[in-house]
There are 2 protein chains.
Amino acid sequence: MDERLRKPRIDDVARRAGVSTATVSRALATPDQVKPKTRAAVEKAVLETGYVLNVAARNLRTNRTHAVLAVVPDVANIFFSQVLRGISDTLHQHGYRLVIADTGNDPERERDHAEFAQAGWVDGLLLLNGRLLPTPAGGRRRLAVPTVSLCERIPGSDIPYVETANREAARAMTERLLQLGHRRIGYVSGPPNNILEHDRFAGYRDALAARGLAPDPALVRPGDYTLATGEAAASAYLALAELPDAVFASNDAMAMGLIRGFTAAGLSVPEAISIAGFDDIEFAGAYNPALTTMHQARSEIGARATTMLIDLIEGRQPASREVHLPAEIVMRDSTRER
Amino acid sequence: MDERLRKPRIDDVARRAGVSTATVSRALATPDQVKPKTRAAVEKAVLETGYVLNVAARNLRTNRTHAVLAVVPDVANIFFSQVLRGISDTLHQHGYRLVIADTGNDPERERDHAEFAQAGWVDGLLLLNGRLLPTPAGGRRRLAVPTVSLCERIPGSDIPYVETANREAARAMTERLLQLGHRRIGYVSGPPNNILEHDRFAGYRDALAARGLAPDPALVRPGDYTLATGEAAASAYLALAELPDAVFASNDAMAMGLIRGFTAAGLSVPEAISIAGFDDIEFAGAYNPALTTMHQARSEIGARATTMLIDLIEGRQPASREVHLPAEIVMRDSTRER
DNA sequence: TTTCGATTTGTAATCGATTACATTTTTTTC
DNA sequence: GAAAAAAATGTAATCGATTACAAATCGAAA
């Protein structure tokens, strides 16, 4: 192959600059270990040859990649994508790159990716989903790669995590609805077996219990975080002899479903019934009416978890291994005083 | 270091199985080049040692990574995240992994990532943003890594691309509004200098021109794809002596802004004015009223571009280097006959 | 049984950087 | 100006796989 077409290597640069490969490597990676004059010569040679470092070779030698893998159930999910934003920014600040694995909620793909991560493909692992427990086939080897879990803690494991204080948040929202004078407060839940959901429902009951109210089973409707189940819940409430005063949905999509369901039936929100959501997704404020909801600091969750992970990767003790971030009530137009 | 703690290498497996490293490599990568009995012995040894292949070493040797880099202006943008879904799925089907670089709309970060891609960090490059023109510093070296551009073609370059047929789509939507009996049709544009926007506006004018109508400059409002500019446009229209019959916004967020702006002023949509958007983002159907819009097959855009890229990577001639996907009108509740 | 071709396996070079250690050069100190 | 210390550079081993080529084994045909 023609010399001019072949991809230049470090020794091509070295020859051109009249130094050794070691010096080139140092001039590029640790410039102040090299005399300014030599450095300049190397830089010139790099430009002239069009040299680009070979990442694979460096990774092999240093046993580091400066990349982090985020395992996500669904990149297209607006909730996760905002967390990714926080992750991406923080990684960039520290000189790391982001690799994303979208598992499409397929446990097999999850496992595959987590396993590949052990192969030195990345320096660290961020799990955006509690379900993933990457025990390698043999089951005896410990997780080799530093790992942090986000959004959902992983029960029964000691993997450090960052999450919203779901229980406290749900309790606060329910209390706020009580303060507004509502008493018959409905709840639309997320999928069962979901840790997150479990916490939120507990918060809902906490608030009621604090007022000496027992949760009315007829007012608690099952959902799965989709708009459709919100609409279904609305129909179910409409079939009741007495409508609830307010409904707290465990996420925003279901809250929007409730609003659509009720307005389709001729009830106006918040005049006839108050609706609150959870998450404060991007369109919550744009909705019609604008949604009252719990704001989760999604990009901060990502940022905190990433900082923690980088600490682990670089051998520092992270400040804390379990972080619960507070959520904030955002009052908008879908709730009103009774 | 203790033998049991050290990460096992391919020669540990070879020794244990009583074969050479070459055989282990073949048993793992090309199993049918190896006698079933030997293969079984190797598999057993792999399990016993807990061997995991070192990705960096393989990448270095084979000069392949089986990974593709997607450069995205903003992962948190709901539009891109759905395209990523299509990309991710298609890659997975072909045994590739996805690396995502979120540039946060920062041209410097864009350049940095594109350059790193040339370092053998990935096998191919997907650009989700026309702005990126990765000319390396020297400027003389051609793009080494196979590249495909999505959503926006890159003017003045021969990089293959996949995009929605924006001009035809905008024309079709405008025609539909005309069919509904509207004559004073407003248009809220995207940012200037945006190729995509340029095409859509051209389509709007095409449709009017076909009916012998000149576009009324007072009805064309500038926007930047955000909800806020949609609301601002609504105020501007309200200040007019005569309201438009319908407004076509160049994306859904602005259409929602228009709806909020008009309903806040006491006008109801679609009774008083029809509103149409573009993109059919996830919440378009959930909006109140549900939004009439152009559906872009976002995940298909991702899938097609990815197939094209894999063809390029694997040395096949892609079926076509320029793909324009049709968009479909989705009639919902924000438009009505006049 | 012998021979030839096909299949399976082994030996060792190779990918392209980094870095421990050795050596040379430069600077400091007296 | 010489000796000692510090800084800069060079030599060559190394990271852990893949694979060209050579050697061994196997099966079928004569």
Side-chain angles (χ1 to χ4, degrees), chain A residues 1 3 5-43 45-46 49-67 116 118-123 144, chain B residues 1 3 5-43 45-46 49-67 116 118-123 144:
Chain A
M1 191 189 277
E3 172 79 10
L5 286 179
R6 214 200 59 223
K7 215 170 179 190
R9 293 178 315 225
I10 196 170
D11 51 304
D12 297 319
V13 179
R15 206 170 314 117
R16 181 134 198 158
V19 297
S20 75
T21 61
T23 301
V24 175
S25 179
R26 284 188 280 251
L28 265 30
T30 50
D32 30 46
Q33 273 184 38
V34 142
K35 255 204 290 199
K37 200 169 164 182
T38 327
R39 195 190 314 157
V42 169
E43 278 160 4
V46 166
T49 53
Y51 170 71
V52 188
L53 175 136
N54 181 311
V55 181
R58 171 201 277 176
N59 289 353
L60 173 58
R61 183 57 230 251
T62 60
N63 202 25
R64 288 289 308 278
T65 63
H66 288 275
F116 204 58
Q118 314 294 318
W121 160 239
V122 290
D123 295 338
Chain B
M1 190 189 275
E3 171 78 12
L5 286 178
R6 214 200 60 223
K7 213 168 181 193
R9 292 180 316 226
I10 196 169
D11 52 303
D12 296 320
V13 178
R15 206 169 315 117
R16 181 132 198 160
V19 298
S20 72
T21 60
T23 302
V24 174
S25 179
R26 286 188 278 249
L28 265 31
T30 48
D32 29 46
Q33 273 183 39
V34 143
K35 253 204 291 198
K37 201 171 164 181
T38 327
R39 196 191 312 158
V42 169
E43 278 161 4
V46 166
T49 53
Y51 169 71
V52 189
L53 176 135
N54 181 311
V55 180
R58 169 200 280 177
N59 289 352
L60 173 58
R61 185 56 230 252
T62 60
N63 200 25
R64 288 290 307 278
T65 64
H66 288 277
F116 204 59
Q118 315 294 318
W121 160 238
V122 290
D123 295 339

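Residue numbers start from 1 in every chain, and the chains themselves are labelled A, B, ... in the order their sequence lines are given, proteins ahead of strands.
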message: Would you say CG of B/Asn63 has more than 12 non-hydrogen atoms from neighbouring residues, nucleotides or ligands within 6.0 angstrom?
response: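 Not buried by this count: 12 neighbours or fewer within 6.0 Å.
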task: Would you mind classifying the nucleic acid contact of B/Val34 as base, sugar-phosphate or nothing, using non-hydrogen atoms under 4.0 angstrom?
output: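 Sugar-phosphate, backbone atoms only, no base.
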message: Base, sugar-phosphate or nothing for B/Val19? Non-hydrogen atoms, less than 4.0 Å.
response: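 Contact class for B/Val19: sugar-phosphate only.
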- prompt: Do any pairs count as a side chain to side chain donor-acceptor pair (under 3.5 Å) and have a residue in residues 23-34 of chain B, sequence neighbours left out, and if so which ones?
  reply: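 Passing the test, one end in residues 23-34 of chain B: B/Ser20-B/Thr23.
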message: Given B/Arg39, which partner from the list B/Val24, B/Val34, B/Val19 fulfils the side-chain contact (heavy atoms from CB on, under 4.5 Å) test?
response: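 Option passing the side-chain contact (heavy atoms from CB on, under 4.5 Å) with B/Arg39: B/Val34.
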- prompt: Where is the tightest heavy-atom contact between A/Arg16 and A/Thr49, given as atom of each residue plus distance?
  reply: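 It is CD-CG2, 3.7 Å.
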How long is the line joining [atom1] of [X] and [atom2] of [N], in whole Å?
X       : N      : atom1 : atom2 : value
A/Lys37 : C/dT25 : NZ    : P     : 14 Å
A/Arg39 : D/dA7  : CZ    : P     : 15 Å
B/Gln33 : C/dT7  : CD    : P     : 11 Å

- prompt: Does B/Trp121 reach the side chain of B/Thr65, with side-chain heavy atoms less than 4.5 Å apart?
  reply: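 Heavy-atom side-chain distance check fails, nothing below 4.5 Å.
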message: Does any part of the side chain of A/Tyr51, heavy atoms only, come nearer than 4.5 Å to the side chain of A/Leu28, both counted from C-beta?
response: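 Yes, side chains in contact.
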message: Generate the contact string for nucleotides 15-22 of chain C. Rules: B means base contact, S means sugar-phosphate contact only, - means no protein heavy atom under 4.0 Å.
response: BBBBB---
